[in-house]
Amino acid sequence: MTRILITGAAGQIGKALREGFRGSYPLLRLLDVTPLGAAASGEEVVSADIRDIAAMEGATAGIDCVVHLAGQSTEAGWDKVLPLNIEGCYNVFEAARRSGVKRIVFASSNHAIGFHRRERFIDNAVLPRPDTRYGVSKVFGEALGRLYADKYGLSVACLRIGSFVTPDRPTDARQLLTWISHRDMVQLMRRCIDHPHYHFVVVYGVSNNLRSRWDNTNAKFLGYRPQDDSEKFAAEILAQGNKENEIAAQFHGGFYTPMEFAGDPDAIE
Ligand code: 15L
């Protein structure tokens with residue numbers, strides 16, 4: 001994989017990858033609707049919207065691997081989730097297929113499995129259990145990835161990203177479980193891009209946190225060896241006494257789970 005396209009390159013993760021990948025690939029094409037500044041050597045900068053499939057066909061031309069980060073990155077109304085994370089996501093996969101792209105690395109989220117109980121240590125094979133409309137859109141993206149791998153032969157990795165924070169440190173008690181440092185994110189993405197062969201894989205985007213509740217054994221074959229552990233921030237964070245909401249604390253998705261909540265927590269086994 002030598003020609004890489006990053007959608008959503010102006011976002012927080014996009015910026016970290018742009019910096020971390022500098023000089024690593026012969027072509028790094030950066031795409032966003034937000035200005036990306038001048039292209040450095042080996043970079044191309046594209047202003048395009050994932051809602052425009054023709055523009056995405058142009059942007060994916062000649063590309064080996066797409067890292068798809070663009071879209072709505074938090075919970076939002078359906079008016080945003082539908083065009084950006086459902087239709088926009090489809091446009092990226094479909095444009096990539098039409099352009100003969102070999103691999104897609106999709107930025108999924110822990111909110112695809114957010115309503116699993118936190119007391120349960122879960123792996124990549126658990127059933128989807130989205131905690132929001134945003135979480136549903138990430139389940140959709142993973143399903144699309146599975147379809148494009150099985151039906152069209154693309155190689156697809158879905159990263160259920162935990163908490164990627166700027167500045168680069170966990171900021172609350174839940175992030176002691178879910179944090180992924182910038183350098184671990186760059187390493188994981190790089191492993192997903194560079195690995196010689198996989199068909200379809202789901203992994204957690206998380207650092208080597210002592211308190212993690214995700215079994216990421218499945219990421220080992222990629223050669224992912226996270227270097228950071230949120231534990232070094234634990235004493236300081238816990239001393240702040242920041243308590244999670246009573247519902248949030250029960251589930252992997254944390255603060256997304258009490259949003260609009262009108263259910264019965266005890267019914268969520
Ligand atoms: C995500 O998927 C979001 O993009 C981010 O804003 C955080 O909410 C993160 O998950 C998290 O769970 O901490």
Side-chain angles (χ1 to χ4, degrees), residues 6-17 32 34 50 67-77 80-81 84-86 88-89 92 105-118 120 122 124 126 128-143 145 157-182 184-186 188-189 192 202-207 209 211-214 216 226 228-230 233-234 237 240 242-245 247-261:
I6 301 179
T7 71
Q12 294 303 321
I13 297 177
K15 280 185 193 146
L17 298 187
D32 212 302
T34 302
I50 57 169
V67 177
H68 179 41
L69 308 174
Q72 176 63 34
S73 63
T74 54
E75 173 60 333
K80 289 209 170 64
V81 174
L84 291 167
N85 289 13
I86 304 291
C89 185
V92 171
V105 181
F106 170 60
S108 182
S109 165
N110 72 90
H111 297 291
I113 50 84
F115 262 128
H116 280 287
R117 288 206 159 269
R118 206 182 283 180
R120 212 168 289 146
I122 59 174
N124 65 313
V126 288
R129 206 147 188 185
D131 54 26
T132 42
R133 290 174 289 275
Y134 166 74
V136 168
S137 76
K138 294 302 182 181
V139 175
F140 172 80
E142 292 187 8
C158 300
L159 270 52
R160 289 183 182 157
I161 297 169
S163 305
F164 181 89
V165 189
T166 306
D168 190 9
R169 48 161 298 155
T171 57
D172 62 29
R174 173 176 172 268
Q175 288 178 3
L176 295 175
L177 287 62
T178 60
W179 181 60
I180 178 164
S181 69
H182 289 207
D184 284 345
M185 176 64 86
V186 170
L188 179 56
M189 286 286 187
C192 289
V202 175
V203 299
Y204 288 94
V206 66
S207 280
N209 304 331
R211 296 171 197 243
S212 173
R213 302 296 298 151
W214 301 326
N216 217 10
D228 292 304
D229 181 346
S230 60
F233 302 100
I237 286 175
Q240 291 160 8
N242 67 56
K243 283 248 177 300
E244 277 189 276
N245 165 291
I247 292 172
Q250 297 179 48
F251 303 106
H252 285 270
F255 65 109
Y256 277 46
T257 58
M259 293 175 184
E260 303 173 29
F261 191 80

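Counting from 1, the numbers follow the sequence of the chain as shown. Just so you know, ligand 1 is whichever comes first in the structure, and atom 1 is the first atom listed for that ligand.
Note that OG1 of Thr7 is 6.5 Å distant from CD1 of Ile50, once rounded to the nearest 0.5 Å. Rounding to the nearest 0.5 angstrom, the gap separating the CD1 atom in Ile180 from the CD1 atom in Ile13 is 8.0 Å.
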Can you give me a line-by-line list of nitrogen or oxygen pairs between ligand 1 and the protein shorter than 3.5 Å?
residue	atom	partner	partner atom	Å
ligand 1	2 (O)	Ser109	OG	2.7
ligand 1	2 (O)	Tyr134	OH	2.7
ligand 1	4 (O)	Ser73	O	2.5
ligand 1	4 (O)	Tyr134	OH	3.2
ligand 1	8 (O)	Tyr256	OH	3.1
ligand 1	10 (O)	His111	NE2	3.1
ligand 1	12 (O)	Asn110	ND2	3.0
ligand 1	12 (O)	His111	NE2	2.7
ligand 1	12 (O)	Arg174	NH1	3.1
ligand 1	12 (O)	Arg174	NH2	2.9
ligand 1	13 (O)	Ser163	OG	2.6
ligand 1	13 (O)	Arg174	NH1	3.1

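Across Phe164, Phe233, Trp214, a single residue satisfies ring-ring contact (aromatic ring centres under 6.0 Å, His included) together with Trp179, and that is Phe233. The residue from Asp228, Asn209, Asp168 that alone fulfils the side chain to side chain donor-acceptor pair (under 3.5 Å) condition with Ser181 is Asp228.
Between Arg133 and Lys80, every side-chain heavy-atom pair lies at or beyond the 4.5 Å cut-off.
Within the 3.5 Å criterion, the main-chain N or O of Ala249 finds no donor-acceptor partner in the side chain of Arg174.
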